[in-house]
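The structure under discussion appears below in the form of structure tokens.
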Amino acid sequence: MNEADLVAVVLFIGVTAYALFGGADFGAGFWDLIAGGPDRGEHPRALVDHSIGPVWEANHVWLIFCLVVLWTAFSEAFASIMLTLFVPLTFAALGIVLRGSSFAFRKSVLRTRDRRTFGAIFAVSSVLVPYCMGAVAGAIASGRVPSGGKAGDAWDSWVNPTSILGGVLAVAACAYLASVYLVWDAKRLEDSSMVEYFRRRAVAAAIVVGGIAFAGIFVLHSDATYLFHGLTSRGLPLVIISGLCGIGSLVLLVRDAHSGARFLAIGAVATVVWGWGVAQWPYIIPESLKVEQAAAPSGTLTAVLVVFVLAAVLILPSLGLLYVLDQKSLLSTDTSEAIPEPAAE
Amino acid sequence: MRCAVLDLAPVTLAVNPVPWARSQMAFTLGAHIILVPLGVAWAFMALVANYRAIKHNDRDARVLAERWSKYMAVTFAVGAVTGTVLTFEFGLLWPKFMGRFGAAYGIPFAVEGLFFFAEAIFIAIYIYGWKRLKPWPHFWTGVPIVISGIGGTVSVVAANAWMNEPSGFTLNRAGKITSVDPWSVIFNKAMPLEALHMLVAAYLVGGFLVASVYAWGMLRGRRDRYHRIGFLIAFSVAAVASPFQMLVGDTVARWVYDNEPTKFAAIELVPKTKSDVPETLLGHLNSDGTVSGGIPIPGMASILSDPSTGTSTTIQGLDSFPADSRPTTAQVNTVHLAWDVMIGLGTLLALLSVWYGISWLFRRDMPKSKLFLALAAAAGVLSVITMEAGWVVTEVGRQPWIARNYLRVEDAATANQGVWITFLVVVAIYLAVAAVLILVLRNMSRRFRQTDLDESDVPYGPRQPPSPHDATAVKA
Ligand code: HDD
Ligand code: HEM
Ligand code: HEM
């Protein structure tokens, strides 16, 4: 494996982390969106707020990471993607602004009406952004982004079967991940009604994601042949693992055994992301730009790898600390909890 | 799949994207940069208060630190999302710049990513940790925020400095980058001074902004100890930074004189190369190359450019550069006006700091006069204007280059003709977010005042009184 391949792997680690952490965040927004009116939805919304509160910002830095690695190490690919997919990426960027700020504002305002306005903006943009990201992934994977500084079609590039599949799958997978995490969080907070609430939704989401993925096989077969062949050859083991993880998590969820379900759900989503990467190998933009050709000179690649190693040494433990403190409720903001003082553990 | 409207769209909406892309970039950067000093300097000030609180068991300082961290939660969130938009914009607006030079220009951003990560992680721990973490460990989780704020600023500005002074790469005949030396990309010649100047600006602006709120409160009669500490911590940071900034700025100016002659000619409004150049306050350049209006201070620009040669220092004029590689007349006037604003307001802020310093020196107390408080209350906004003006000098003064002497702005821009639409949408959204942000911060402060220590309605903020003894303390 040469340097360029390594950096491509680093990029995919970033994409996976964004899908798993950022994705769960978006998914929580999806459940917020469909939680119903202010009374009925109050309880689940409170849980959503509680569980994404401390971690959302860190979760979204993964996106910055991906963009920066892409533009530094594979500048030409970055330029082509941005040129062609101007529309969905603009929507995504604006959605991120609206989502982040309305989430921060929502809890600082007191009037119910204002809360609902911000809550609605937060929830709608939580669906819009992953849809756009999924559509972008679909556009890239189905070879609709030309390389060499030319822009592909501004609309057809992301309004096509594979992009729609990508968008819908992204939204559904985010919702699936979020519901599984929320079951876990509710359990940790000993909130049994919410455990049941999200468990049922997790089961439904798992079935929907499975269905979309199955339908996706036919879409890719006719619309994204390179990817389809990759997925059915090199990528096949990953596809199979993903399917098994998905089924496994479904079984566990139905049976009420949540903790295992969480890891299997992570496995199911992560392997799909990796399946995508492996299937379009060796291309960074299928059939027009190979990883090798797009890669920056070696000085740059080394710099990116050094930064990545530093991140692994410095940032991962910090992230771990954040998650551990959060899971131990040392960062909790939940009013329903008693406050032991001082809380040393 | 396509509908008729979409087919028509490209024809009816065809508008040259370059001016719109410039405007959008400038607008979003100008907005983001206001939040930056808060993210960088406020954490430091909160830690100062936090330290006092633990060390001297100072309850007012404790409440202050905690409330500051809660406001930060909101401004940090908005800073982070507006920063994310910038990341997209580099691709959406300047794809040909990123495509050609990303391999070099991207490196400082990769480093910056590390700092942002650390900042986002520790800010979450710090803000959420008031209730359950022990005081000293909690204090220490704040320190990485300060460090990464500094690191982040230095690395982004390194990227900007690279645009002024591209280095650390080789091009082949076709103009493609063939090798990169990351070290010289990051530590390009313009980087050390520019980064220092911006870093000091961040502390200066952050200090004045926060202090101005408390000065305002004092003017309205809230002269309790809590307001006083809030003012003193923030204003002291600014008061140290601003005289120092004059020295740094002066050094930067000489660096620009030596290395970026077109920018310098625009700054000093020098149409023709000569010595004994006056420092013209205000005034403007006409399209025929004459300067009219303004108050010239004889010989001053020459003296400041190189004191060792005094008035005989020659300054290269705009006409010694081809018209297509120097700023246009309108841009020169923009740069010069922005320069006057930065220097004028910067001097005013430094004088205000000197007043404060003298008062401490001789009376062991801050100045109490209404005039001082009124000026201090205005200093927040004024310092933001100063910083924005400085950026206009840097950015417009670099024109027509995006990467000086390597790539022109119009060759870097996207060909996408819908940029004017995104510009308008972005402006509308940002204005709405800004208005709501201000309302939310004001409401928080009003609520803090009314209920004293009601912690329950802040994003991420601790929801319970932080610890029993503090809660009772504040009610007193
Ligand atoms: C609020 C703060 C502030 C204050 C009081 C000053 N500046 Fe400044 N200045 C900035 C904030 C700033 C800035 C916004 O931070 C800039 C833009 C880019 C940068 O690195 O700093 C800047 C840029 C900038 C530049 C252009 C640098 C370049 O393009 O490479 C020069 C020559 C100066 N400054 C000089 C001065 C002088 C001589 C000052 C005082 C006498 C001064 N500045 C006060
Ligand atoms: C690290 C920080 C920054 C970077 C990397 C950066 C980068 C850029 C880029 C790529 C452009 C477009 C190309 C060009 O017109 O030269 C630009 C233009 C511009 N930026 Fe910056 N910028 C930074 C900070 C700022 C800030 C804080 C402001 C605040 C006002 C600002 C104001 C402008 C303006 C006014 C333009 C338009 C110049 C013109 O076209 O005449 N920049 N900047
Ligand atoms: C002088 C220029 C700049 C400085 C000093 C600066 C500094 C900061 C800081 C301190 C933050 C953390 C959030 C906050 O505290 O508000 C932040 C956020 C951010 N900035 Fe800037 N920034 C600058 C310009 C830019 C530019 C040109 C970009 C474009 C790539 C950018 C991208 C970002 C991003 C992506 C974030 C969000 C990171 C997160 O999620 O934590 N910044 N910036």
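As the structure is a computational prediction, the values presented were derived from the model and not from experiment.
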(message) At a heavy-atom distance under 4.5 Å, which candidate from Gly168(B), Pro135(B), Ala104(B), Pro182(B) has the highest pair count against chain A?
(response) Pro182(B)
(request) Give, as side chain, backbone, both or neither, the part of Val69(A) having an atom under 4.5 angstrom from any heavy atom of chain B. (result) neither
(request) Give, as side chain, backbone, both or neither, the part of Leu319(A) having an atom under 4.5 angstrom from any heavy atom of chain B. (result) both
(request) With a 4.5 angstrom heavy-atom cut-off, could you sort out which part of Thr178(B) is near chain A: side chain, backbone, both or neither? (result) backbone
(message) Within this structure, what is the OG1-CG distance for the pair Thr87(B) and Leu67(A), rounded to the nearest 0.5 Å?
(response) 6.5 Å
(request) Would you mind checking which part of Val425(B) comes under 4.5 Å of any heavy atom in chain A, side chain (CB onward), backbone (N, CA, C, O), both or neither? (result) side chain
(request) Using non-hydrogen atoms and a 4.5 Å limit, figure out which bit of Leu314(A) sits close to chain B: side chain, backbone, both or neither. (result) neither
(request) To the nearest 0.5 angstrom, please state how far the CE atom of Met98(B) sits from the CG atom of Leu70(A). (result) 9.5 Å
(message) Using side-chain heavy atoms (C-beta onward) and a distance below 4.5 Å, is Ile429(B) in contact with Leu98(A)?
(response) yes
(message) Counting only non-hydrogen atoms closer than 4.5 Å, does Leu63(A) touch chain B with its backbone (N, CA, C, O), its side chain (CB onward), both, or neither?
(response) side chain
(request) Can you tell which part of Ile121(B) gets under 4.5 Å to a heavy atom of chain A, answering side chain, backbone, both or neither? (result) both
(request) Check whether any side-chain heavy atom of Phe169(B) sits under 4.5 Å from a side-chain heavy atom of Thr300(A), and report yes or no. (result) no
(message) Heavy-atom pairs under 4.5 Å with chain B: which of Thr90(A), Ile81(A), Leu322(A) has the most?
(response) Leu322(A)
(message) Does any part of the side chain of Phe122(B), heavy atoms only, come nearer than 4.5 Å to the side chain of Ser318(A), both counted from C-beta?
(response) yes
(message) Using heavy-atom distances under 4.5 Å, tell me whether Ser298(A) contacts chain B through its side chain, its backbone, both, or neither.
(response) neither
(request) Would you confirm whether the ring centroid of Trp71(A) sits within less than 6.0 angstrom of the ring centroid of Phe109(B)? (result) yes
(request) Let me know if Ala73(A) has heavy atoms under 4.5 Å from chain B in its side chain, its backbone, both or neither. (result) neither
(message) Less than 4.5 Å to any heavy atom of chain B: does that hold for the side chain of Phe86(A), its backbone, both, or neither?
(response) both
(request) Please state whether the side chain, the backbone, both or neither of Ile186(B) comes within less than 4.5 Å of a heavy atom of chain A. (result) neither
(message) What's the separation between atom CG in Leu92(B) and atom CG in Leu83(A), rounded to the nearest 0.5 Å?
(response) 9.0 Å
(request) May I ask you to name which of Ala118(B), Gly106(B), Pro144(B) has the most heavy-atom pairs under 4.5 Å with chain A? (result) Gly106(B)
